[in-house]
Amino acid sequence: QVQLVESGGGLVQAGGSLRLACAASGRIFRNMAVGWYRQPPGMQRELVAAIASGGSTNYAESVKGRFTISRTNAKNTVFLQMNSLKPEDTAVYYCNADGEYSGTYYYPSTYWGQGTQVTVSS
């Protein structure tokens, strides 16, 4: 079992920044790939970024150059630094752990956090 808790969401103006955190417990986190997803209102959940256990990363085209995913295994935490935020980044953001990481995609496991709301005003 893996327990995931997201934090760091909030309300920010367009062009601003937020840093989301996903804290894990229950298993050895450093061996897991982790993905950040988001679900805008009325839309399907989509992959935003993922990081392999070894540190490789991939990003959705819509966030490349603006978002950065990173991890600190010592603290069992994965971060999503979001810069130059746009109104279309508004969504509930979820993290997922222990999925299958490929060079171009991340296939989620059944381990999800509860989500954190990000709202970007124009």
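In this structure, Leu4 and Tyr94 have side chains that are not in contact, with every pair of non-hydrogen atoms separated by 4.5 Å or more. Side chains of Phe29 and Thr77 form no contact here, defined as non-hydrogen atoms less than 4.5 Å apart. Between Thr116 and Val92, every side-chain heavy-atom pair lies at or beyond the 4.5 Å cut-off. At least one side-chain heavy atom of Asn58 sits under 4.5 Å from a side-chain heavy atom of Leu47. Counting heavy atoms from C-beta on, the side chains of Gln114 and Val5 come closer than 4.5 Å. Side-chain atoms of Leu80 and Thr68, non-hydrogen and from C-beta on, never get closer than 4.5 Å to each other. Side-chain contact between Cys95 and Tyr37 is absent, with no heavy atoms from C-beta onward closer than 4.5 Å. You'll find the side chain of Leu20 stays beyond 4.5 Å of the side chain of Glu6, heavy atoms only.
Using a 4.5 Å cut-off between side-chain heavy atoms of Ile, Leu, Val, Met, Phe, Trp and Tyr, with links allowed through other members, Val12 and Phe79 fall into different hydrophobic clusters. Grouping the Ile, Leu, Val, Met, Phe, Trp and Tyr side chains by contacts below 4.5 angstrom, directly or via other members, places Ile69 with Val2. Note: the hydrophobic cluster containing Tyr111 does not contain Tyr106 (ILVMFWY, side chain heavy atoms under 4.5 Å, direct or indirect links). Residues Tyr101 and Met32 do not share a hydrophobic cluster, defined by chaining ILVMFWY side chains whose heavy atoms lie under 4.5 Å apart.
Rounded to the nearest 0.5 Å, atoms OG (Ser109) and CD (Glu100) are 11.0 Å apart. Taking OG1 of Thr72 as the reference point, atom CZ of Arg30 lies at 12.0 Å (rounded to 0.5 Å). A distance of 11.5 Å separates OG1 of Thr57 from CZ of Arg71, quoted to the nearest 0.5 Å. The CG atom of Asn96 lies 8.0 Å from the OG1 atom of Thr110; values are rounded to the nearest 0.5 Å. Atoms CH2 and CZ, on Trp36 and Phe67 in that order, are 11.0 Å from each other to the nearest 0.5 Å. Note that CD of Gln3 and OG of Ser25 are 4.5 Å apart. Values are rounded to the nearest 0.5 Å.
For Tyr59 against Ala49, the heavy-atom pair with the smallest separation is CD2-CB, 3.6 Å. Listed here is the closest heavy atom pair of Trp112 and Pro108: CZ2-CB, 3.8 Å. Shown here for Ser122 and Pro87, the closest heavy-atom pair between the two residues is CB-CG, 3.8 Å.
Using modelled atom types, no side-chain atom of Thr90 and backbone atom of Thr119 make a donor-acceptor pair closer than 3.5 Å. Under the 3.5 Å distance criterion, the side-chain polar atoms of Asp89 are left unmatched by any main-chain donor or acceptor of Val120. A donor-acceptor pair under 3.5 Å is formed between the side chain of Arg66 and the backbone N or O of Ser84.
Within a 6.0 Å radius of CD in Glu46, more than 12 heavy atoms belonging to other residues, nucleotides or ligands are found.
Between the side chains of Ser53 and Asn31, not a single donor N or O lies within less than 3.5 Å of an accepting N or O.
Judged by the 6.0 Å distance and 45° axis criteria, Arg38 is not positioned over the aromatic ring of Tyr93.
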